[in-house]
Amino acid sequence: MWPSSLLPAAAVLYPPPASVFVTAMSVVSFASLASAGLSELRGEHMAYSKFWHVVSGQQKPSAGAGGPLLSSRDGMLLAYVPALLAAAASFALPGAVQGLRAQILASALAVHFLKRVLEVLFIHRYSGNMPLNTALPISSSYLLSTITMIYAQHLTVGLPDPSTDLLYIGVLLFVVGIAGNFYHHYLLSQLRKGGDGDKEYKIPRGGLFELVTCPHYLFEITGFFGFAMISQTVYALAMASGTAGYLIGRSFATRRWYKTKFEEFPAGIKALVPYIL
């Protein structure tokens with residue numbers, strides 16, 4: 001049950017589960033993602049994406065302390081495929097996905113990671129490498145967060161529903177988020193029409209790139225709050241809030257790099273939210 005001081009949360013969230021694991025994961029997920037966002041603001045970047053080397057000014061990773069090197073494409077596939085398989089497999093596990101809300105959540109997670117896998121295979125352009133020791137923690141994080149979100153939903157079976165049903169608003173947000181994210185990823189891919197060998201960076205154009213540096217992150221955040229509204233669990237909200245904190249930091253870091261790299265970068269373009277942030 002909710003503490004008396006937090007009763008208003010009962011209108012939109014299921015009661016916190018009697019699970020030490022889910023409670024710990026809620027705290028750790030939010031704190032680690034928010035901390036990563038602060039690190040981005042300070043210029044400390046993960047060896048995560050194709051922007052890492054240019055935004056951070058760090059040298060390309062080499063085999064050694066980071067373990068064997070994977071191509072960036074293989075590294076990102078390793079990051080996303082296990083989470084996709086876990087979301088899909090939840091439907092085959094007896095009793096794991098019960099009720100419409102849980103079915104929609106697991107389906108949305110599967111669609112989210114399937115989209116990421118397809119983008120890695122057919123949309124994104126890569127030119128660098130990723131240490132295996134970087135890819136494995138990212139993969140483990142996505143896998144664990146997917147399992148935990150589905151498990152946290154499973155623990156709501158038999159609990160009173162929140163008085164405000166956000167399920168269908170969440171579905172709408174998820175669809176808007178995944179569509180907008182895909183569209184702006186496609187626009188980014190068009191900057192490197194020469195294929196994976198094209199390493200020249202350009203100022204993105206089209207869509208919300210005319211107003212913000214990272215509209216793909218804005219829609220990613222939208223999609224995660226879609227998950228939170230579909231689920232209406234504390235864990236899903238913690239993940240969405242932590243993801244927002246991380247991507248806010250990353251978008252500011254990216255905008256800072258564009259301003260230093262391109263003298264003609266428009267001063268009026270914000271980092272994440274048009275006209276505001």
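FYI, the numbering just counts along the sequence from 1. Just the heavy atoms: all of them, side chains too, but no hydrogens, waters or symmetry mates, feed the values below.
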So, taking the atom named CG in Asp74 and the one named OG in Ser71, what distance separates them when rounded to the nearest 0.5 Å? 3.0 Å

How long is the gap from CD on Gln190 to OH on Tyr186, to the nearest 0.5 Å? 3.5 Å

Using atom types as modelled and distance alone, determine if a side-chain donor or acceptor of Ser141 lies under 3.5 Å from a backbone N or O of Ile138. no

Using side chain to side chain contact (heavy atoms under 4.5 Å, CB included) as the criterion, list what pairs up with Ala240, not counting sequence neighbours. Phe224, Phe225, Ala228

If hydrophobic clusters are built by linking Ile, Leu, Val, Met, Phe, Trp and Tyr wherever their side-chain heavy atoms come under 4.5 Å apart, do Leu118 and Leu77 end up in the same one? yes

Group every Ile, Leu, Val, Met, Phe, Trp and Tyr by side-chain heavy-atom contacts under 4.5 Å, then state whether Leu247 and Phe30 land in the same group. no

Nearest heavy-atom neighbours spanning Val22 and Ala152: CG1-CB, 4.0 Å

Quick one: which residue pairs count as a ring pair (Phe, Tyr, Trp, His ring centres under 6.0 Å) with a foot in residues 161-182, not counting sequence neighbours? Phe174-Phe227

From Leu237 CG over to Ser26 OG, what is the distance, rounded to the nearest 0.5 angstrom? 9.0 Å

Nearest atoms (heavy-atom pairs only) where Leu208 meets Pro215: CB-CB, 3.6 Å

I need the Thr254 OG1 to Lys259 NZ distance, nearest 0.5 Å. 13.5 Å

Which salt bridge (Lys or Arg N to Asp or Glu O under 4.0 Å) pairs, counting each pair once, include a residue from residues 159-182, with sequence neighbours left out? Arg101-Asp165

Going by ring pair (Phe, Tyr, Trp, His ring centres under 6.0 Å), name the residues that satisfy it together with Phe209, two or more places apart in sequence or in a different chain. His184, His216

Report yes or no: does Thr156 contribute a side-chain atom to a donor-acceptor pair with the main-chain N or O of Leu159 at less than 3.5 Å? no

Val27-Phe21 co-clustered via ILVMFWY side chain contacts under 4.5 Å: no

Can you confirm whether Leu132 sits close enough to Leu69 that some side-chain heavy atom of one is under 4.5 Å from a side-chain heavy atom of the other? no

At their closest point, which heavy atom of Ser163 faces which heavy atom of Ala11, and how far apart are they? OG-CA, 3.2 Å

For a 4.5 angstrom cut-off between non-hydrogen side-chain atoms, does Val111 reach Ile178? yes

Donor-acceptor under 3.5 Å (Thr164 side chain, Val12 main chain): no

Is there a side-chain contact (heavy atoms from CB on, under 4.5 Å) between Arg250 and Tyr217 once you walk through the steps? CA-CA 9 Å; Arg250 193 165 180 82; Tyr217 293 162; 2.9 Å; yes

Check the orientation of His185 and His124. Use parallel for under 30°, tilted for 30 to 60°, and perpendicular for over 60°. perpendicular

Does the side chain of Leu167 come within less than 4.5 Å of Met229's, by heavy atoms? no

Are Thr233 and Leu13 close enough that some pair of their side-chain heavy atoms sits under 4.5 Å apart? no

Can you get from Val157 to Ile104 by hopping between Ile, Leu, Val, Met, Phe, Trp and Tyr side chains that sit under 4.5 Å apart? no

Closest non-hydrogen atom pair between Ile230 and Ala108, with its separation: CD1-CB, 4.3 Å

Please check: side-chain N/O of Gln98 versus main-chain N/O of Gly95, any donor-acceptor pairing under 3.5 Å? yes

Would you say Leu100 ends up clustered with Ile169 if hydrophobic residues are merged whenever their side chains have heavy atoms under 4.5 Å apart, either directly or through other cluster members? yes

On a heavy-atom basis, the closest approach of Ala86 and Ile147 is CB-CG1, 4.2 Å

Check: residues 260-277 side-chain donor-acceptor pairs under 3.5 Å, at least two apart:
from	atom 1	to	atom 2	distance (Å)
Thr260	OG1	Arg256	O	3.4
Thr260	OG1	Trp257	O	2.8

Any sub-3.5 Å donor-acceptor pair from Ser35's side-chain atoms to Ala31's backbone N or O? no

Got a donor-acceptor contact below 3.5 angstrom from the Arg73 side chain to the Tyr126 backbone? no

Under 4.5 Å between any side-chain heavy atoms of Tyr258 and Pro204, yes or no? yes

Interatomic distance, Ile221 atom CD1 to Asn181 atom CG [nearest 0.5 angstrom]: 10.5 Å

Determine whether a donor-acceptor pair (N or O, by modelled atom type, separation under 3.5 Å) exists between the side chain of Gln232 and the backbone of Leu166. yes

Which residue pairs pass the side chain to side chain donor-acceptor pair (under 3.5 Å) test with at least one member in residues 144-155, sequence neighbours excluded? Gln153-Ser231

Would Leu105 and Met149 satisfy side-chain contact (heavy atoms from CB on, under 4.5 Å), going step by step from the backbone distance to the final call? CA-CA 9 Å; Leu105 176 65; Met149 197 173 296; 3.9 Å; yes

Would you compute the distance between atom OG1 of Thr243 and atom CG of Leu33 and round it to the nearest 0.5 angstrom? 5.0 Å

Heavy atoms only: give me the nearest Ala135-Leu78 pair and the separation to one decimal. CB-CD2, 3.8 Å

Side chains of Glu40 and Leu38, heavy atoms from C-beta outward: is any pair under 4.5 Å? no

